[in-house]
Structure formats: structure tokens, C-alpha cells
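Down below is the structure, laid out as C-alpha cells.
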Amino acid sequence: MTVENNAAPAPAAPTDFIRDIVAGHIAEKRYDGIVTRFPPEPNGYLHIGHAKSICLNFGIALENGGRCNLRMDDTNPTKEDVEYVDSIIADVKWLVSGWADAHLGFKAKGATTAKREINGRTDYYAAPAAPGTPAVEPFFASDYFDALHACAVELIKRGKAYVCDLSPADTDAYRGSPDQPGKDSPFRTRSVEESLALFERMRAGEFPNGTRSLRAKIDMASPNIWLRDPLLYRIRHADHHQTGSKWRIYPLYDFAHCLSDYFEGITHSICTLEFVDHRALYDWILEALDLPRPLPHQYEFAKLNLGYTLVSKRKLLQLVQEKIVSGWDDPRMPTISGLRRRGVPAAAVRHFAYNIGITKFDSLTDVAVFEHAIRENLNATAQRRLGVLRPIKIVLTNLAPGEVIECDATNNPQDENPTTRKVALTREVFIESDDFAEVPPPKYFRLKPGGEVRLKYACIIKLDEIVKDASGAITELRCTADLTTRPGGANVEKKVKGTIHWVSASHCVDAEVRLYDRLFTVPEPAAQEDFTKFINPRSLEVITAKLEASLGEALPGQVFQLERTGYFTQDAKESRPGKPVFNRTITLKDTWAK
RNA sequence: UGCUCGAUGGUGUAAUGGUAGCACAAGCGACUCUGACUCGCUUAGUCUAGGUUCGAUCCCUAGUCGGGCAGCCA
């Protein structure tokens, strides 16, 4: 069982230029309801950049009582895989869970488009699953291959598309360049009948890859390159992860996407800025088909750039393939699955997405904004525990061997009515080696020769003696515990400057702890010629820590604050009973850092 | 040098013709049985030049700078 953390308050709904547009459409009653979609290609794992898009699309659906369809944009069989389909479903569900689940658009398993007539015009509609449908799944663009094919045939019949025999290289050459108009393909004037026949033979698999294509007949001299008779279908003798060997031709993005949006009744098709130039084509295709229902429209926003982070499926794939990280879900990865494994709560990701806003400005977001969202959430929700990362032994000489003093430790001081648990104080305890200095720097609050410090929840101790071995290394610190400073004792109110964390040497568990740091040493790894040269050599440090005994039974998915140290979660993948593994989600802020 | 999108403190984002605000970061201070949290204070901004207007971050013109586009990828 996992414990989900959605307890932190949700931020107020943001406003931005896209939400303003939607609000305008609602005011003028332009659509029956608001339907958005999140349409990843299943060729990699989702990352923090996708989370921004998910939060936007689901947020708009949620705020307007609408729906956001999850759709696999799987029109290129050679790059896609079911592994990715499965991970995307899991990641979207995780991110949306406890927030917009009710607005997540899935379809009945196996359902595809329904063909129907509206006012004498042919229509295709892909309905969402009715409430209570037992088996559901995401929408797939590949579900629409039949409908898409019919639309392509219709376009040919209308004289708006033609089969072109130009090779890929010649197609390129004929396209011209941004400042040079293209020239018409010699096949542009081919008859409708001939194109229809050839397209059918393409579909039947009669021609090799690249020998022919279906093209829209628009304008080879258009200043917009995407209007220079763009390809609609290509021949691809490849099996598809959903449709098997049925198809030998596959639609391209521009043709499939606008129509998939239309089939699903999408009202607002939101994508990133690199598609601005495609919008004219999006509109052209839908308008060329004379479709009976209201048409969707495309709106673009700037994708996320995050400091010290890579936000590109292609580059993340490279990290995985070159084994620079352990996998897509390596806790250092900015993938949703990596963040989840790291211990980042979904609510923190959502809060972050809301905080950064939606604009058309190509910005670089400071990773501190993300870290703040994580700490803010975890501070409110995480149970506190004691754990020592780099132990140094203390002997409390006035406690008898075997003597156990039970102390009440607060689980979360942020709670309105905080609960407590028992921790054992014994003769031998560990403290953090950072919390002792034989030669203390200025303004050092912690344990030092002749000094006093409070063991949190226990009592004040005084350092009497430093014991060293033959080589001069410190083996233990001998201290006296002032038990009158315990809660309820005569001197509880005694103030010392430093309060430190500790664990009993006899009441603790050893755990492998993985200390993660940022993966890159430069703010913009993507801007480097070779980002693999800027991997942070200290992005992972593995230590054996001494943790409070209760952490031996920690639940995966639950994030704890090790007091004064940071937030940690049990590794869902590699932690084993009796051999726990913890991941550091993030450190606490440290304003004393030397 | 075609088309296209953009530019507000260090960073990100509000203000759409009427007091430039918020968050993060940074600095200082208070509090503290977490050098955390919280609280208070401080530093710091409308790319440039014209124009319209009583009034311009906002509208117009020109410029400057930056992003994107020439896959049979999405």
C-alpha cells in the first residue's frame, strides 16, 4: 500500500491568456462544454514539462466543468512502444489523482469512432466512456486510422489532395526555403481518379517506403512552409503497436492531430509554441472537409525550461541509453516517474505548474521555484523522524548500560494538534558528525569542547571528553546528560543555542540512503554542444545512515522529514524488508551553510 | 535575409488606458527544543525612439534584441 500525499491546500486557480480565451468562449456560449486534451506521443516517458501541459489542460477542464482527454498521439509506428503507453497512463493518473480525476477523459476499451450523418454530412465521433463503464482506456490516434483514411479519400475527391511520386529528396528540393518559394510537384495536376487509385494501392502496400505520398494541395509559394503542399500520408511498411500489420500507410501529425481533436469534440487544442506555424494547416484541413460540428482551435504557449534540468524526451532517452542514469525513473530524472520515486508529491508538481504561469515568453524558470513548491508541500505534510546520516558516537556516561529513557517526539509541528511518538534515549547515541566541531568556527551553535547542546526531545548534554584512537581519529565523545532538562524536569526551560538530532545506537536501523543532487552542473544543459559533459559527478552519493527504529517499517510513497536534514522517502523499487533504501527528495533550506 | 511569436526587478509572472503588484531568489532582523517553518523589513523592473491621449506596461509606427519554422518526427 502506498500513501498518497494530497493534503496540502490547492492553490487558487490561476489566470492566463488561454484561460481568458476560454472564459470568453464560455461567455458567448460558443461551445456546449469545454473539452481539452493531453496528447503525448508514446515514444518516451513524461517529464516535468509535460506536467505543465497536463496541469493546464486538466486545470481548464476542471475549472470549467469540462473534460480533458488523454490521447496517445501514435501515428509513427517506428518510434513508439507499449511500455511508453503504460507509463504515460500511470503518470497522468498519478498527477491528476485527488485533483481532476473526475475530468479525465477515457473511452470504453476497444471503442473507436462512430460514423454518422449530421445534416447530410458525414461525421465521425469518438465518445468518452459513459460513467461507470467497467473497462476504459485512453484515446488513441491509431483508433482513427479508418476514419482518417476516409477523410483523406474525401480530400482527394474534393481535389484538395493528391498522390505525389516525388522522392523524399525531391520533395525537399521542390519545397524551396523560407525566403524562396517552392515549385509545384509535377504530380500536382494528377486527376482525382488517378490519385484515388494510387492512394488505394499505397494502402494495399504495393509501393516501397518513400516512393509516394499523399499531399494536400495548398500553395507551394506560401510564405508559411507548412502550407507548401504538406504531406498527409507516408508509406511505412512497419507494424504498429496498436493496429499490428493492418496499415502500410500512416498519417502524419498535421493531418491526424486536427482531425483527432475534431473526432473527440475537443474545443481547445493547446500545444506549445513550435506549432504556431502549423496552425494555418490545422485550420485548412478541418475547413477543407466541411465538417458538421463546431471546429476545434489551436492555442499555443511556451513550454517549460527549468534551470539545471533537461526537458526533452530525446535527450532524456540519451541519458537512459548511455546509462548515465539508471533508467527513466532514476530519481535524478525530471520525468514524472523519477519525481515520484524521488518522493516529490503530485500536489507539489501541480502547485509548481500553477505558480509559473502560462505565457508565450520563452523563459528559463529558476529550479528554486520548483524546490520551493516541494518544500512547501512537504513541510506541511511530512512526518518528522530522527536520522543521522554521518554518525559520530556519543557516550552519555551518567546513563547505565541498558537503561532506556523514553522521550516524546513530535510527528509534525505544523499540525493543528500534533501527535507524538516514543523515541529511546540510551547510554550510546549517534549524532551528526557535522554537529560536532573540535575547533568550532565562529557562531557555531552545536557541540564543541566544554560546550552544551540539546538533544532534541531529550535533554541537554555537556561534552566532557574527546576519545581518539592511535591515529588521532575521534572514536567517541563522552558527555554528561542533564536529565533535569527533560520535559517535566526542573530545568526544562534552560536555554542552549543549539538543538541537534540524534538516534539511539541500540534503537536504530541501518539504511542505505541515496543523497541526490542536481544532475547537471550548468543552468542550461540543453544549450551545451554536448550536455553529457556537464553531468554533476556528485549527483548521487550513497551512504549508510542510522535511522530511528520506527523508520524500519516506513510505507513506500510516504515522505518523511529527517529533522534538520531533509525529506526522504523509501525507494519503491529497490527497498527490501530488512534492507531499507531511502531516497533524499530534497534538503531543508540551510541558511547557515558555510 | 521570407514568415511567425515575443520582450515588465536577478528569475518567473500580474496589471489591457488611471497608484507597476505577487511569488521565488538575495540581504537584514525577530522567533525557535529543526540554523527548518513562521513573521517583519530591505534591495530591485516596464528594450529603444517617436506618435495618439489629460494620462501609455497597455494602443499605433519604426527600430533593437531574442525564440520558432525548410522531417515522409511529433
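Atom set for the values below is all heavy atoms of this structure, side chains included, hydrogens, waters and symmetry mates excluded. Lettering of chains follows the sequences in order, A, B, ..., and the numbering in each one begins at 1.
- We find the CH2-NE2 distance between A:Trp247 and A:His149 to be 5.0 Å, quoted to the nearest 0.5 Å.
- Ring geometry for A:Phe275 against A:His278 counts as perpendicular: the plane angle is over 60°, on a 0 to 90° scale with 30° as the lower cut.
- One side chain, A:Asp362 or A:Asn305, offers a donor N or O that lies under 3.5 Å from an acceptor on the other.
- The same atom, P, is picked in B:G18 and in B:A74; the two are 46 Å apart, to the nearest Å.
- Base orientation of B:G71: syn, the glycosidic angle falling within 90° of 0.
- Here the side chains of A:Val453 and A:Phe436 are not in contact, with every heavy-atom distance at 4.5 Å or above.
- Comment: A:Arg421 does not engage A:Asp408 in a salt bridge, judged by the lack of any side-chain N to carboxylate O separation of less than 4.0 angstrom.
- The aromatic rings of A:Tyr45 and A:Trp328 lie parallel to each other, with less than 30° between the two planes, well short of the 60° mark.
- Relative ring orientation between A:Phe370 and A:Phe352 is described as tilted, the plane-to-plane angle lying within the 30° to 60° band.
- In this structure, CD of A:Gln561 is placed 13 Å from C1' of B:G35, rounded to the nearest angstrom.
- A:Leu562 has its CG atom 11 Å from the C1' atom of B:U34, to the nearest Å.
- Phosphate contact (OP1/OP2 of B:G12, side-chain N/O of A:Thr365, threshold under 4.0 Å): absent.
- Within a 6.0 Å radius of NZ in A:Lys303, other residues, nucleotides and ligands contribute 12 heavy atoms or fewer.
- A sub-4.0 Å separation between OP1 or OP2 of B:U13 and a side-chain N or O of A:Ser363 is present.
- A:Lys360 places a side-chain heavy atom less than 4.5 Å from the side chain of A:Glu300.
- With rounding to whole Å, A:Leu304 atom CG is found 14 Å from B:U13 atom C1'.
- Across B:U8 and B:A14, the matching C1' atoms stand 10 Å from one another, rounded to whole Å.
- To the nearest angstrom, C1' of B:G2 lies 5 Å from CG of A:Asp179.
- For the OP1/OP2 pair of B:G35 and a distance below 4.0 Å, the side-chain nitrogens and oxygens of A:Lys443 include no atom meeting the criterion.
- The ring of A:Tyr567 has its center no closer than 6.0 angstrom to the ring center of A:Phe560.
- To the nearest whole angstrom, the two P atoms, one in B:A23 and one in B:G66, are 33 Å apart.
- Looking at heavy atoms from C-beta onward, A:Pro525 lies out of side-chain contact with A:Tyr308 at the 4.5 angstrom threshold.
- Residue A:Asp16 contributes atom CG, which lies 15 Å from atom P of B:U16 at whole-angstrom precision.
- Checking A:Arg454 against A:Asp20, the closest nucleotide of RNA chain B that is more toward the 5' end is the one next to A:Asp20.
- Straight-line distance from the CG atom of A:Leu386 to the C1' atom of B:C33: 11 Å, rounded to whole Å.
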How would nucleotides 18-29 of chain B be written as a contact map, 5' to 3', with B for base contact, S for sugar-phosphate-only contact and - for no contact, using protein heavy atoms under 4.0 Å? ------SS----
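- Comparing B:A15 with B:A7, their P atoms are spaced 12 Å from each other, to the whole Å.
- Ionic pairing of A:Arg390 and A:Asp434 is not present here: no N-O contact between side-chain nitrogen and carboxylate oxygen is shorter than 4.0 angstrom.
- Nucleotides B:C47 and B:A20 place their P atoms 15 Å apart, quoted to the nearest Å.
- Between the P atoms of B:C72 and B:G9, the separation comes to 40 Å (whole Å).
- The aromatic rings of A:Tyr299 and A:His25 are tilted relative to each other, their planes meeting at an angle between 30° and 60°.
- If you take atom P in B:U57 and the same atom in B:U42, they sit 24 Å apart, rounded to whole Å.
- For the pair A:Asn491 CG and B:C33 C1', the interatomic distance rounds to 15 Å; values are reported in whole Å.
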Go ahead and write out RNA chain B as dot-bracket, 5' to 3': ( ) for pairs within the strand, [ ] for ones crossing earlier pairs, | when the partner sits on another strand, dots for unpaired; Watson-Crick or G-U wobble, both distances under 3.5 Å. .((((((..((((....[..)))).(((((.......)))))....(((((..]....))))))))))).....
Under 4.0 Å protein heavy-atom contacts per nucleotide of nucleotides 69-74 of chain B, with B for base, S for backbone only and - for none: SBSBBB
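- A stacked arrangement is not assigned to A:Phe361 and the six-membered base ring of B:G6, the conditions of a centre distance below 5.5 Å and an interplanar angle below 30° not being jointly met.
- In this structure, A:Leu364 reaches the sugar-phosphate backbone alone: every heavy-atom distance under 4.0 Å involves primed, P, OP1 or OP2 atoms, never a base.
- Rounded to whole Å, the separation between the C1' atoms of B:C28 and B:G45 comes to 22 Å.
- Atom NZ of A:Lys303 and atom P of B:G68 are 8 Å apart (whole Å).
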